[in-house]
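Input: a single structure, listed below in structure tokens.
Here the structure is a predicted model, which means the values were calculated and not measured.
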Amino acid sequence: MEEKDEDSGAFDLSIPEEGSTAPPPGWLDSVSGYEDHLGDCTDQICPPPPDFVPQPENDRNASVPKVMVPQVSEDVAREALLKFVGKKWTYSSKPAQNLVFKDLKPFTVYRYRLETFTESRSSAWECETYTGQFVDGPQYGMIPQPWQVEVQYPPKFTDTVQKIRVPHTSSVKPCYQCRGKGRVRCTHCHGRGRMQCISCHASGHGRNRRCAGCHGGGRRVCTWCHGSGHRTCRKCNGHKKLLHFIQLTVTWKNQVYEFIPDRQPEFPKKKFEKVSGEAFFIDESLLVYPVDGFPDQEICNASKEATQEHLLKYSASSRILQQRQTIELVPLTHAFYSYNGKDYDYFVYGTENKVYTTKYPTSCSIL
């Protein structure tokens, strides 16, 4: 039998093992206003300065005009049911066409909504491969504080995220993963360029014949590094240097609170979430104030609790840019009817005239 190749391969000690995925402590410079950064690319929340927090006026309230409860006619109620039945392939349209209405009972349903449009800022160290591009370092000017960085504001009450490179925070340093070598030791062959043959399990032969995979040597060229024992550093792409900078993440979010009194046990409250109503009260300002004098006291209470909660919750870590509160009248009518001597009922709700029912006169069946 041929003598098996016992050479386990040698590797270049100057080629380092792959380093950590984040810069080690002390690797990055300390920047005034961003001292809490650890260099691990984790976003650090930047609370707004005290003068950015709006202060509410004491004992101020918002008044609401009176509103009429909308009425649904028999024709509208029938058309809504026909449209509903048309989407149910097991339902026949005949009962909806020939039913006899006994009563249409409208309900007064108010929906209160509070929107708080906030801006929050966070920052983290980021890096990119350095290939000779311009380096905007501290020598080009004062580094702005997180809330001094100028941004392009989106339309109010829309969710948006914007990422901005903080001016004058850039610096070039050797790549921390390859220690500035541009390449790292192959982790599959541990830098030796050769691996145990998986065909013969490093024995060099199989079924009394020399292994064709390793030619009897028991080892074969590493397919990951093609026998070089190293590979290009994935962090710097072989360029040996990284450009580090602080990235500011600005998040605008519309925080929404909704409340509808639950007074119709036969009608699922969640159904209101997918329909619209008729807004008869809209109040928008930097800060809005609790609704006062509205005939539905539950709406008044919800407004008071929501405005207080949003102010305390969102002014602590973000900046309140605008608030808007609305009251909608959401149509809801309970329709009672008879068909073939039996009584039935259904609900028509929302300005879209959607239908909810738990029982319909006839349905088809497949044998």
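- Between Tyr346 and the choices Tyr356, Tyr337, Tyr360, the ring-ring contact (aromatic ring centres under 6.0 Å, His included) rule is met once, by Tyr337.
- The cationic atom of Arg324 (NZ for Lys, CZ for Arg) lies less than 6.0 Å from the six-membered ring centre of Phe157 and within 45° of the ring axis.
- Cation-pi geometry between Arg121 and Trp147 is met: the NZ or CZ atom falls under 6.0 Å from the ring centre, inside 45° of the normal.
- Among Glu328, Glu273, Glu278, the single residue meeting the salt bridge (Lys or Arg N to Asp or Glu O under 4.0 Å) criterion with Arg111 is Glu328.
- Here the closest non-hydrogen pair linking Gln133 and Tyr130 is O-CE1, 3.4 Å.
- Of the residues listed (Phe272, Phe294, Phe259, Phe281), the one engaging Tyr110 in a ring-ring contact (aromatic ring centres under 6.0 Å, His included) is Phe294, and it is the only one.
- Contact between Gln145 and Ser32 at its shortest, heavy atoms only, is NE2-O, 3.5 Å.
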(request) Report the C-alpha separation of Tyr112 and Gln325 in whole Å, then their side-chain angles, then the decisive distance to 0.1 Å, and conclude whether the side-chain hydrogen bond (donor to acceptor under 3.5 Å, both in side chains) test is met. (result) CA-CA 7 Å; Tyr112 172 81; Gln325 61 180 345; 2.7 Å; yes

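- Residues Cys178 and Gly182 come closest through the heavy atom pair SG-N, 3.1 Å.
- Taken from CG in Leu99 to OH in Tyr344, the straight-line distance is 11.0 Å, to the nearest 0.5 Å.
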(request) Give the C-alpha distance, both sets of side-chain angles, the deciding distance and a yes or no for side-chain hydrogen bond (donor to acceptor under 3.5 Å, both in side chains) between Gln322 and Ser285. (result) CA-CA 6 Å; Gln322 194 82 350; Ser285 184; 5.7 Å; no

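- Within a 6.0 Å radius of CD in Gln152, no more than 12 heavy atoms belonging to other residues, nucleotides or ligands are found.
- In this model, a donor atom of one side chain and an acceptor atom of the other lie less than 3.5 Å apart for Gln297 and Asn301.
- When all heavy atoms of Ser123 and Cys46 are compared, the pair lying nearest together is OG-SG, 3.7 Å.
- A side-chain N or O of Tyr153 and one of Glu119 form a donor-acceptor pair less than 3.5 Å apart.
- In this structure, a donor-acceptor pair under 3.5 Å is present between the side chains of Thr249 and Lys163.
- Pairing each heavy atom of Tyr257 with each of His310, the nearest pair is CB-NE2, 3.8 Å.
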(request) Could you please spell out the steps behind the side-chain hydrogen bond (donor to acceptor under 3.5 Å, both in side chains) verdict for Gln323 and Thr116? (result) CA-CA 5 Å; Gln323 285 188 318; Thr116 299; 3.0 Å; yes

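- In plain terms, the two heavy atoms of Val291 and Ser303 that are nearest each other are N-OG, 2.9 Å.
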